2 protein chains.
Amino acid sequence: MTTTLKNKHDAILAAALDLFADNGFHCAPISQVAAMAGVGVGSIYRYFKDKDELVHAVFAKVDDSLLQSITTSKDPTLSGRCEFIHLVTALIHYLDTHPQEYKFFEQYYNSPYGLENKRAKFLQENIADKSNPFLNIFSDNKNCLRQDLTLPVYLAMTFGPVSFLLRESLSGLVTLDEAMIQQTAEASWNAIKA
Amino acid sequence: MTTTLKNKHDAILAAALDLFADNGFHCAPISQVAAMAGVGVGSIYRYFKDKDELVHAVFAKVDDSLLQSITTSKDPTLSGRCEFIHLVTALIHYLDTHPQEYKFFEQYYNSPYGLENKRAKFLQENIADKSNPFLNIFSDNKNCLRQDLTLPVYLAMTFGPVSFLLRESLSGLVTLDEAMIQQTAEASWNAIKA
DNA sequence: CCTAGCGGAATGAACGTTCAGTCAGTTTCT
DNA sequence: AGAAACTGACTGAACGTTCATTCCGCTAGG
């Protein structure tokens, strides 16, 4: 029934997230996803046309929950600097405490799967739509930021260090504590502030 | 002859680099590598025990040429800030003009293949050996740098933005020009300077 | 009893790897 | 010197495995 159907659908997505994140797309056979989801192999093809569609569905779900988690923690009374640091630390916290999601993102964006989405996000970013809170900060605080830098540099100085640190953390090479996260966010701000 | 042998060896490495970079490890079959190298499939197994060994051999070669290209361009008379910016711009230039090498690095480090090497590099970094010129800058300019930041944060603020920008450049979302590269290097320095 | 949802064996394509045969070059024999 | 035997790098068809996808028999709810 609908409830059963929904549950299987979600079970498949959850299992796929775990296995894709841990093993990569090509080392996570559908049979394994089915086994972990407690579902027959054939059932996966009832819910998803093929493996590609499953991958994109997992991305859509994970992307959605990340965006929600980041945007809900926003506080509009803060200064630009505080808002920025708050947002960066929230992002790092979310991804560091959701390693499966982060590992999936890395896999996805570094594969042909993610290219179209990446392009779409970037175009979104250029028109500064409301779905990316960082872009609002950049445009709301133009006077606090170095004017000679272009948007790609803002993005590089913001997301580059985040991505780098999270990778090291996931590899077990670094343990992220409150201080290190705070320092990274501050350093990012120092990199782009006027 | 020896020359023939050397040439086939190199031809296989070159073909493997191209195909691994463009298609990823699992979408670059040995048969295709052999075809592009102008070599029989079986010959690859004369030079490399298996596909894994081939992957690691490609990495060793690429890693070596990157390190050489970066270190030879070093100028010890410069100030810490200039030296840092010089090194960062050299790194970006090399990787942006060697997209196959960069794409291979990304693939390699984001896969089980790269984990051990990554760990090894990181441990090397902690003992500040001479093979990584960035570490020398960090240790030679302690007084110019923010003392509250730890090494992982230095590394994140240095390599994170580089990695981010190169990815955008390779995706065709950004065209890196001299100004943008310079600005990124400067911003990285501003992030970590005292 | 029927039907929609389900499971997992079956299928075929693609892959990494192997191995028996080929052949150019070298050595040995007459 | 010429022929015969040998050597080993080289090849690609063949093998076994793994995977995504299909398909048909089964089950449970109505």
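The model shown is predicted, which means the values in this text are computed figures rather than measured ones. The chains referred to below are lettered A, B, ... by the order of the sequence lines, with proteins before strands, and numbering in each begins at 1.
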E101(A) and K61(A) ion-paired at < 4.0 Å: no

Spacing of R46(A) atom CZ relative to dC23(D) atom C1', expressed in whole Å: 12 Å

Value in whole Å for how far the C1' atom of dA20(D) lies from CG of L54(A): 12 Å

Distance in angstrom units between I12(B) CD1 and dT11(D) C1', rounded: 12 Å

Estimated bend of the helix from dC1(C)-dG30(D) to dT30(C)-dA1(D) (axis per five terminal pairs, rounded to 10 degrees): 20°

Contact pattern, 5' to 3', of nucleotides 13-18 of chain C - B, S or - by protein heavy atom under 4.0 Å: --SSBB

Y47(A) side-chain N/O to dC6(C) phosphate OP1/OP2 under 4.0 Å: yes

Near-ring test F25(A)/Y113(A), centroid separation under 6.0 angstrom: yes

Worked check of ring pair (Phe, Tyr, Trp, His ring centres under 6.0 Å) between F104(B) and Y109(B): CA-CA 9 Å; F104(B) 180 86; Y109(B) 279 121; 9.1 Å; no

Aromatic plane relationship, F159(A) with F134(A) - under 30° parallel, 30 to 60° tilted, over 60° perpendicular: perpendicular

Pair H56(B) + Y108(B): ring centers closer than 6.0 Å: yes

Least distance between heavy atoms, Q183(A) atom then D148(B) atom: NE2-O, 2.9 Å

H98(A) and Y94(A) aromatic ring geometry - parallel, tilted or perpendicular at 30°/60° bounds: parallel

Stepwise side chain to side chain contact (heavy atoms under 4.5 Å, CB included) check, E186(B) with R146(A): CA-CA 11 Å; E186(B) 286 172 8; R146(A) 274 185 60 178; 3.5 Å; yes

